[in-house]
J.: 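Below is one structure. I have some questions about it.
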Amino acid sequence: MAAPPYQKLFWGSYHKHTAHLGHAREHGAYLLLIGALWNNEGKLPAEDDVLAGYAKLTVKEWLAVKPKLMPLFRVARGKLTQPRVTEDLTKYRDTSGKRREAGKSGGNASAGKRALNRQANASGLPTKSEPEPKKERTPSPQGGEVDLKRFAKALLIAADAGCAFPVLVDRLHKAQPVVDGKRRSTGPDVQRALGGALKRGGMPSEIEAAVRAFYALPASTKDGGQFANGAAVILNRDRWKEFTPAAGQAPAGQEPVATFNAPQVRASLVKATDEDFVVRYVDHYCRWVPDGRRLEAKTPGIAAALSGKLNGWAERNNVTITVAAANDQKPDLFAKGAA
């Protein structure tokens with residue numbers, strides 16, 4: 001059986017197993033041999049002149065790189081193999097065989113049904129009726145198809161809390177900023193995500209307050225909100241909990257009070273990034289703890305943004321970026337210090 005015209009290559013695994021290789025010639029020879037094995041059913045003659053040809057090297061060049069490459073292969077009975085190539089080819093053959101058998105049995109079954117129908121027609125007997133057509137679903141006003149039965153439990157939870165489910169969906173959908181004439185998450189997407197959040201125990205009032213608090217953040221309102229995530233993204237996996245008032249966020253429609261009061265640290269952060277980044281992520285949502293040189297963020301989302309932008313700065317200044325659940329708006333909680 002011929003090999004498929006493509007071959008999987010996982011770069012993480014490749015770099016891990018070829019870390020000992022040096023210049024490009026060694027990597028090139030290894031990849032060419034892998035390709036040759038793939039096209040030759042996983043086996044090549046373990047002869048230096050043959051392998052040098054496949055690797056596009058002279059025999060002398062091959063002998064120079066051979067000591068580093070051979071630990072990646074196996075030699076048995078005069079044949080060169082590679083474990084991963086052999087494994088992938090075996091999986092491909094097994095899968096192809098199963099599909100071939102399934103197609104054969106399916107074809108035989110279809111042929112049998114056709115023969116029975118021909119016999120029934122010839123004898124005047126009724127044939128098997130066609131399956132009933134599926135009932136068409138009514139499209140939702142937002143576009144797409146929605147089956148509200150899936151959200152029965154969510155509807156009950158919302159009703160018990162005194163908030164109609166469709167009304168809450170509409171509120172969260174409209175809480176998103178309009179960018180280029182549309183909102184990031186569609187109505188059906190918000191509906192599905194909200195249903196899951198309610199089923200996992202979220203309270204409608206808390207969810208709505210958290211979503212509105214997220215869209216009130218400076219990072220969410222920048223450039224008209226074009227960089228803000230959709231409401232469905234916030235609701236999935238209960239990310240909305242990071243933005244509840246209990247997590248230290250400002251009430252909807254209000255910008256939190258600036259509480260970062262380590263001016264020398266702030267100046268160092270502005271130099272490492274820019275004023276806009278510090279205003280958006282540091283001034284309102286972080287505190288400096290000189291004892292231990294920690295920059296504490298109010299939520300995991302803020303901490304992730306800081307870690308991605310300030311990784312080099314933190315290493316140079318021996319600073320640890322952490323999440324402090326106790327962070328709040330009280331200025332007296334923010335210790336004074338300098339980098």
J.: Does Thr90 form a side chain to side chain contact (heavy atoms under 4.5 Å, CB included) with Thr86? I'd like the steps, not just the answer.
T.: CA-CA 6 Å; Thr90 302; Thr86 302; 4.3 Å; yes

J.: Can you name the residues that form a side chain to side chain contact (heavy atoms under 4.5 Å, CB included) with Arg266, not counting sequence neighbours?
T.: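 Only Phe260, Val270, Glu275, Val278, Val279, Asp283 meet the side chain to side chain contact (heavy atoms under 4.5 Å, CB included) criterion with Arg266.
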
J.: Under the criterion side chain to side chain contact (heavy atoms under 4.5 Å, CB included), I'd like the reasoning laid out for Leu269 against Phe277: C-alpha separation, chi angles, the key distance, then a yes or no.
T.: CA-CA 9 Å; Leu269 290 170; Phe277 179 86; over 6 Å; no

J.: Could you go through the side chain to side chain donor-acceptor pair (under 3.5 Å) check for Asp238 and Trp240 one step at a time?
T.: CA-CA 5 Å; Asp238 292 334; Trp240 60 270; 3.3 Å; yes

J.: With heavy-atom distances below 4.5 Å as the criterion, would you say the side chains of Leu306 and Val282 are in contact?
T.: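 With C-beta onward as the side chain, the pair touches.
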
J.: Of all residues at least two apart in sequence or in a different chain, which pass the side chain to side chain contact (heavy atoms under 4.5 Å, CB included) check with Val50?
T.: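 Per chain and number, Val50 pairs via side chain to side chain contact (heavy atoms under 4.5 Å, CB included) with Pro45, Glu47, Tyr54.
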
J.: Side-chain donor-acceptor contacts of residues 61-68 below 3.5 Å, not counting sequence neighbours, with atom names and distances?
T.:
{"from": "Glu61", "atom 1": "OE1", "to": "Thr58", "atom 2": "N", "distance (Å)": "3.0"}
{"from": "Glu61", "atom 1": "OE1", "to": "Thr58", "atom 2": "OG1", "distance (Å)": "3.4"}
{"from": "Trp62", "atom 1": "NE1", "to": "Asp48", "atom 2": "OD1", "distance (Å)": "3.1"}
{"from": "Lys66", "atom 1": "NZ", "to": "Asp48", "atom 2": "OD1", "distance (Å)": "2.9"}

J.: Determine yes or no for a side-chain-to-main-chain donor-acceptor pair under 3.5 angstrom, with Asp189 supplying the side chain and Ser185 the backbone.
T.: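 Such a contact is absent between Asp189 side chain and Ser185 backbone.
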
J.: Using a 4.5 Å cut-off on heavy atoms from C-beta on, say whether the side chain of Arg183 contacts that of Lys174.
T.: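 Yes - at least one pair of side-chain heavy atoms lies under 4.5 Å apart.
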
J.: Just wondering, do Leu44 and Phe73 contact through their side chains at under 4.5 Å, heavy atoms?
T.: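 Not touching, per the 4.5 Å side-chain cut-off.
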
J.: So His17 and Tyr30, side chain to side chain donor-acceptor pair (under 3.5 Å) or not? Walk me through it.
T.: CA-CA 11 Å; His17 292 92; Tyr30 175 63; over 6 Å; no

J.: Using a 4.5 Å cut-off on heavy atoms from C-beta on, say whether the side chain of Leu21 contacts that of Thr18.
T.: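 The answer is yes; the side chains approach within 4.5 Å.
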
J.: Salt bridge between Lys43 and Glu41, side-chain N to carboxylate O under 4.0 Å?
T.: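 Answer for the salt bridge query: no.
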
